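Note on naming: letters A, B, ... go to the chains in the order of the sequence lines (proteins, then strands), and numbering restarts at 1 for each one. Worth saying up front: this structure is predicted, and the values here are computed from it rather than measured.
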Amino acid sequence: MAFDWVQLWQETSKPDNVPILIMTAAVGYYLWYGFREGVRHDRLITQLEADPALAKTHHRKPYPFHPAWDKVVHTWPYLLRVEFLAALIVTVGLILWAIWLPAPLEPPANPTLTTNPAKAPWYFLGLQELLVYFDPWIAGVILPHLVLGGLMAIPYIDVNPLGNGYYTWRQRKFAISTYMFGFLVLWVLLAIVGTFIRGPGWMWFWPGMTWDAHRQVHEVNRHLHELFGLTDPWVVGIFGGLVTLGGIGVGMAVCDVIFRKFKPKTFLRQNLVQYLITLHLIVLMAAVPLKIVLKLVFNIKYIWVTPWFNV
Amino acid sequence: MAPRNDIDPTSTKALLEKAKETQADIKSKWIPNFFETPFWRSIFRHKIDETPRNRSLAVLSNVFLHLQPAKLNRDAVRYCFCWGMGGITFYLFCILTFTGVALMFYYHPTKADAFRDMLFLKNDVPFGNLLRNMHRWAAHAMIITTWLHQMRVFMTGSYKAPREFNWNIGVILLLVTMMLSFTGYLLPDDQLGFWAVTVGTNMARATPFLGHEGPGIELVKWTGEQLGVDSTVNGYNDVRFALLGGSIVDSNALLRAYIWHCVALPVLGSIFMIVHFWRIRKDGSLSGPAPVMLDSEADKAKGRR
Ligand code: HEM
C-alpha cells in the first residue's frame, strides 16, 4: 500500500496534537541539555578524583570562578531580569500560538454518536494505551496510583548522597536510567503511540497507513494457561497466581542478587523497608513492558485468569 | 568567557562607586527628583539609587518579589541549571487564571448554553477566540513545562535531603495540573470533550471495591449481607457515579467538571503552590548549582545542610 502522507499530515497537524509534538521536541532537547551539563560535571569529578590536592582547593564547579568574587548576587537585577525576559518570551510565544492555531471545537456532544477512535487528551494517552494490555482496574486505577506512589517514594528510597544539586551521570547511573525509562518509555513513548499509532478501533496503524475504520485484524488472543492446555478453573487460577506472584518473587530475587553484586553501597545504606519498596517498584515497573511485549508479540492477553479478576 | 580582572562587576565596591555617580547625576538635573517625592516614597519604601541596600530592599519590601531571597547563589541564575521551568509553570498558571476568569464571564455550565457559548466566544465576543485559544494552549503548555520541571529536578538530584517533602508537594501539583486540564476538556461540551471524559471516567467503573465492574464487589456485597445491610455496588452508587453526578456524562457531570475546574482545583493548586514556594525558601533556596561531591566523600556526607 502506498504511503499515506495525507493521513500522516492530518494527524500531526491537528491543533490538539501540536502540543505533543512540541513536548517530544522539548523533552529531547532538554534531555541533551541536561546530559551535556552532566558530562561537564563528570569530567570535573574525574579530574578531582585523580588529584586529591586539587580537590582540596578547587571551587568544584565547571563555571568561571575567582576567589575575589562574591558567592552570591543580588536578585534585583540579576535574577529578575532573567525572569522578566522569560515572561516576555512566554507571553509573546503564547499569543502567537493562539493566533496561529485555533482551539478545536467539534460538533456538540452526542451520546448516541461514538467517535472512533475516542481518545483522551494526549497527556493521558499513555494510560489509555495501557488499556490494551491490562484490564481497566489495573491500567486505570492501580497503575496510576503506583506511578504517583512510586514518584513520592523516590526521595525516601534513593539513599545515594551524591549528586545533590548538580547534574551528573557518573554518580547516579542507576537512579537516572530508572527514571528516564519510566518517563521516556512508559510515559512519553506510550503517549506518542496512543496519539499517532492508534487509529479507529484502537488498532495499530504504522505512520503512513490509512486509518481505515473498516479494517479487520484477525488476532487470536490467548491466555497463558491455554498454551499449557489447562482448563479446570481451579488449576487455571492457581497456575496464574503462581506465575504472576512467583514471577514477581523471582524478579525481586534476581534484583536482589544484582543489587548485592553491583550496588553494594546502596544495598548497605538502605534499611529493610526501603530495600523492599525499591525491589517492588523496580519489578512492577519492569513487569509493565514485559506484559506489553507478551501482548504485542505473542498475543497473550491474560496471565492470570480467575472468576473475579484477570491479570 | 571568564572575566579577566579580579574586580567582580557585581561586588559591593563597584556598586557603591556606581551609586555615587547616579546620585550626582540625579542632583544635577533641575527637574524635581520624582523618586524623592512623598508620592514615590508612599509606594516604595526605599530609594531608587543603585546601592546594595536598595537592591535588597527592592526585593524584601515588595510583597510579590519577596517570595525570592534578596541574594542568591551566583551560579543559580545560569539558565543551564534550572531551565526556569518551575517559574514558567507558575507564570502559565497565572495566565490561565487571568484568561480563565475572563472566559467565565461568557460561559454557562449548562447543557443548553455551554456549546452555544463556545460559538459565541468564537464568532461574536471581541477577542473571544484569542482568549479561548490562549487558555487552551497555555493549559497544554503548562503540562509540558511541569514535566520538564520535574525532569530537571530529578536530573539535579534536587529531591534529596532536605527537599524530599517538597518533591512530594510537587507530585501533588503534577496531579492537580493534569486534573485541571482534564476537567477543562469537558467544558466546551463538544464531541471531543464528551468522549474523552466518557473514556476517562469509564475506567472508574473498574475501581476495585468501589466501581460496579471492579474486582472485589462480590466481597463488598457479601460483607454487607453478613452485616445485614444492602451493600450492592451498581452503576447508580459507585465511584463513577460520584465523579459524574450521574450514570452518564450529562448536565451534572458538566456542573461538577466546572466547579472542580474553576473553583476547587485552582484553590487546591494555589494552596500547594504556596507551600511549594515556601518550602523552597525554607529548604535553603535552590539546591544548586552545588559544588560537586566526590565518590570518596560520600560516606562523610551528612546529606543535610
Ligand atoms: C504546578 C506545578 C509546579 C510549579 C508551579 C512549580 C514551581 C517551582 C518553582 C518556581 C521552583 C523554583 C526552581 C525552578 O524554577 O526550577 C520549584 C522548585 C522545585 N520543584 Fe516545583 N513546581 C511545580 C511542580 C513540581 C513537580 C511536579 C515536582 C516534582 C515532582 C516539583 C519539585 C520541585 C522541587 C524538589 C524543587 C526544588 C528544586 C531545587 O531546589 O533545585 N515541582 N518549583
Side chain, backbone, both or neither of A:Y156 within contact of chain B (heavy atoms, under 4.5 Å): side chain
Contact origin within A:R36 toward chain B - heavy atom pairs under 4.5 Å: neither
For the student: nearest non-hydrogen atoms of B:Q191 and A:L113, plus distance: NE2-O, 2.9 Å
Any side-chain donor near an acceptor of the partner, B:Y185 and A:D16, under 3.5 Å: yes
Region of A:P62 that comes under 4.5 Å of a non-hydrogen atom in chain B: neither
B:F165, CZ atom: more than 12 neighbouring heavy atoms under 6.0 Å: no
Test: B:E297 and A:R60 ion pair at under 4.0 Å: yes
Chain B contact via A:I20 - side chain, backbone, both or neither, heavy atoms under 4.5 Å: neither
Minimal non-hydrogen separation, A:N160 against B:K160, with atom names: O-NZ, 2.8 Å
Side-chain donor-acceptor contact under 3.5 Å, A:N164 with B:Y159: no
Parallel, tilted or perpendicular: ring planes of B:F154 versus A:Y179, cut at 30 and 60 degrees: parallel
A:W76, CH2: over 12 other non-hydrogen atoms inside 6.0 angstrom: no
Contact summary for A:L101 and B:W137, nearest pair of heavy atoms: O-NE1, 2.9 Å
Plane angle bin for B:W147 and A:W122 - parallel if under 30°, tilted between 30 and 60°, otherwise perpendicular: perpendicular
Under 4.5 Å from any heavy atom of chain A - which part of B:A70: backbone
B:R55 vs A:T75 side-chain heavy atoms within contact, under 4.5 Å: no
Sidechain-backbone polar pair: A:K61 side chain, B:A290 backbone, donor-acceptor under 3.5 Å: no
Max heavy-atom pair count under 4.5 Å with chain A, selected residue of B:R116, B:Q150, B:H135, B:M85: B:Q150
Heavy-atom pair with the smallest gap, counting every atom of A:A103 and B:N133: N-OD1, 2.9 Å
Chain A contact via B:I217 - side chain, backbone, both or neither, heavy atoms under 4.5 Å: neither
Aromatic plane relationship, A:Y30 with B:Y79 - under 30° parallel, 30 to 60° tilted, over 60° perpendicular: tilted
From CA spacing to verdict: side-chain contact (heavy atoms from CB on, under 4.5 Å), A:N110, B:F194: CA-CA 8 Å; A:N110 184 351; B:F194 178 85; over 6 Å; no
Contact class of A:H59 relative to chain B, heavy atoms under 4.5 angstrom: backbone
Region of A:L44 in contact with chain B, defined by heavy-atom distances below 4.5 Å: side chain
Exercise: identify the closest heavy-atom pair between A:W137 and B:A206: CB-O, 2.8 Å
Residue pairs fulfilling side-chain hydrogen bond (donor to acceptor under 3.5 Å, both in side chains) with at least one residue in residues 83-107 of chain A, sequence neighbours excluded: A:E83-B:Q68, A:T91-B:Y91
Exercise: do A:Q171 and B:D295 side chains pair donor with acceptor under 3.5 Å: yes
B:F98 atom CZ, neighbour heavy-atom count above 12 within 6.0 Å: no
side-chain contact (heavy atoms from CB on, under 4.5 Å) between A:L80 and B:V59, worked out: CA-CA 9 Å; A:L80 287 170; B:V59 173; 4.2 Å; yes
Donor-acceptor under 3.5 Å (A:Y167 side chain, B:F81 main chain): yes
Residue part contacting chain A, namely of B:I88, when any heavy atom lies under 4.5 Å: side chain
Under 4.5 Å from any heavy atom of chain B - which part of A:A175: both
Whether over 12 other heavy atoms sit under 6.0 Å from B:R53 CZ: no
Taking every non-hydrogen atom, the tightest pair across A:A98 and B:L130: CB-CD1, 3.9 Å
Partner residues of B:S56 under the side chain to side chain donor-acceptor pair (under 3.5 Å) criterion, sequence neighbours left out: A:H74
